[in-house]
Amino acid sequence: MSDEIQVDVQYIDDKTAIIHLEGDVTTFSEKDINDAYKAASDNDNSNIIFNFRENDYINSAGIAILIGVVTEARKQNQRLIMAIPSSHFQKIFRMVGLTQYADIYSSLEEAKAQI
Amino acid sequence: MSDEIQVDVQYIDDKTAIIHLEGDVTTFSEKDINDAYKAASDNDNSNIIFNFRENDYINSAGIAILIGVVTEARKQNQRLIMAIPSSHFQKIFRMVGLTQYADIYSSLEEAKAQI
Amino acid sequence: MKPPHTRRVVELKIPNELGYEKIARETVGTVAKRLGFDDERIADIKLAIAEACTNAISYGSQTDTRTKIIVVLTADEEKLEILVKDPGFGDSPPPTEVTVPDIHKMVEGKAKLGGMGLYIIQELVDKAEFIQSGDDNGNQFHMVIYRMNDEDIEFNAAKST
Amino acid sequence: MKPPHTRRVVELKIPNELGYEKIARETVGTVAKRLGFDDERIADIKLAIAEACTNAISYGSQTDTRTKIIVVLTADEEKLEILVKDPGFGDSPPPTEVTVPDIHKMVEGKAKLGGMGLYIIQELVDKAEFIQSGDDNGNQFHMVIYRMNDEDIEFNAAKST
Ligand SMILES: Nc1ncnc2c1ncn2[C@@H]1O[C@H](COP(=O)(O)OP(=O)(O)O)[C@@H](O)[C@H]1O
Ligand SMILES: Nc1ncnc2c1ncn2[C@@H]1O[C@H](COP(=O)(O)OP(=O)(O)O)[C@@H](O)[C@H]1O
């Protein structure tokens, strides 16, 4: 089921990397997301943008993966920014408190404008 | 279920109308499609283009509606052109012989270039 | 023979009401995707099951929407099998032969519009037939879609000779 | 009380294997759309059923994939009810209370990652609870989603007082 998510890392300047996610953020995407986060952190990037799509899907196991990322990013003093067009997604992130550990915007453009 | 299809008629010149379809072509869309075909025929249009989308769906009841349109178009000496991006759709149209009564193209651009 | 636990079975019961075949279509779409069928084949399978369910709803049942259509999807390494069961309350038994629709006759008004569902199903899947049901009087329509593509099958056939 | 035939029941059986909850998610998505729920509410319902099925697969069953999870969707004019049944073969009975997850403790390593499924479900649907099962030992998780939106309910409540 790991082909249900596509994860790509894009380096936009020497301080910022974008992790583009498309698909289902569930147990099955744990390795892909953690690998992408490691790759994005490798260059000493201090800003990491997660770019979700309108039609992406996330469940509680996917949320747990992101809390793991948040935990690691705090240790590394990174700033996490999330572009989340789906209002359903945003609601879930608020519900579990993820919004307290990452800046949330509705589009990649807005997210990029913050750095 | 009739909200599962959206049908719009666009008049592009005094001889040609485009019927844009988006959604499910089934029993539930019979009235919408027949109404659109009548509207498209009203202006004495001699070319009628059906514009389907990649993700549209059609079943045998939907095919029957289109055969009804073909029957009427023959009486009115209209030329039927269909823009069908989905190869699955094109296969079904070939299977039942609809391709013998309408010119089929893979995109609206190609379809419009024929008139 | 594969051991039984490599089989996966999904069962669905839908009300006998036109429109609910869409649920069977989405369900088989999810299963077929999981099995690794490509998009074109998934579209074929979705249409085949929708046609079979539409028939089960239209011809195999009475208008009581409490009556159920049962769809059973069975997947193993080799194939996806689809069984569509209706209560068999229709006016007539299902046909034993599929007639090829004649669009020219329909366009000329010499044949009635329709009668294409079973033909389309037969063209889209590897096997399609009504089978004798057990104790009850219902109809069972059985379809098989092999997971290998044609080239694999030819390849294997060549090897085994 | 509505007459019984205005109810529509869809039943689904899926193998007890992680990933198959996706079928329940797609199925309820199709049903909810048919019932006229808006996209946001449909996303909520799909997530709630997926979480319930994931729990049924993870905690209510053994690893034998022949065991089935049963999902029953019942719709009437007023509400959509969802029942997720597992065989109850897990190590422990389902919890009677839902704990609110504490993300701060998780981030500080003082609580283990997870334990959010039941909480999310509870926030997304109008009613969610494990109910006593009948003769067998299975667990039944019951959810209710009302078809009216909050404004309608307030409006009607105001009218009836
Ligand atoms: N499940 C069924 N039970 C009884 N009769 C059936 C069933 N499915 C199909 N039939 C019969 O076969 C005929 C051909 O079906 P089909 O090819 O799908 O075309 P159509 O539905 O347009 O008639 C139907 O008209 C019906 O008489
Ligand atoms: N169907 C079930 N059968 C038995 N126990 C269950 C069931 N569903 C949930 N539980 C129990 O409730 C706990 C909390 O579930 P949940 O909130 O979904 O979080 P998580 O799955 O991350 O632990 C689970 O760890 C499990 O012990």
Less than 4.5 Å to any heavy atom of chain C: does that hold for the side chain of [X], its backbone, both, or neither?
X     : result
B:Y57 : side chain
B:I92 : side chain
B:E72 : neither

Given salt bridge (Lys or Arg N to Asp or Glu O under 4.0 Å), test C:K22 with B:E4 step by step and report yes or no. CA-CA 11 Å; C:K22 216 183 145 173; B:E4 303 206 337; 3.2 Å; yes
For C:R25, is it the side chain, the backbone, both or neither that has a heavy atom under 4.5 Å from a heavy atom of chain B?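 C:R25 touches chain B through side-chain heavy atoms alone.
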Could you tell me whether B:N55 atom CG has more than 12 heavy atoms of other residues or ligands within 6.0 Å of it? no
So C:M106 and B:V70, do their side chains get closer than 4.5 Å, heavy atoms only?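 Side chain of B:V70 against side chain of C:M106, heavy atoms only: no contact under 4.5 Å found.
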Going by heavy atoms in the side chains, are C:M116 and B:I63 under 4.5 Å from each other? yes
Side-chain ion pair, B:K91 and C:E40, N-O less than 4.0 Å: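 Looking at C:E40 together with B:K91, the answer is yes, because their closest N to O distance falls below 4.0 Å.
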Between CZ on residue B:R94 and CD on residue C:E123, distance to nearest 0.5 Å: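 The CD atom of C:E123 is 11.5 Å from CZ of B:R94, to the nearest 0.5 Å.
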Distance, nearest 0.5 Å, that separates NE2 of B:H88 from NZ of C:K46: 9.0 Å
C:P87 meets the side chain to side chain contact (heavy atoms under 4.5 Å, CB included) criterion, sequence neighbours left out, with C:S61, C:T67, C:I69, C:F89
What closest approach, in Å, do B:Y101 and C:I103 show between heavy atoms, and which atom pair accounts for it? CE1-CG2, 3.9 Å
Donor-acceptor pairs under 3.5 angstrom involving side-chain atoms of residues 47-54 of chain C: please list them, not counting sequence neighbours.
residue: C:E51; atom: OE1; partner: B:S60; partner atom: OG; Å: 2.6
residue: C:E51; atom: OE2; partner: B:S60; partner atom: N; Å: 2.5
residue: C:E51; atom: OE2; partner: B:S60; partner atom: OG; Å: 3.2
residue: C:T54; atom: OG1; partner: C:A50; partner atom: O; Å: 2.6

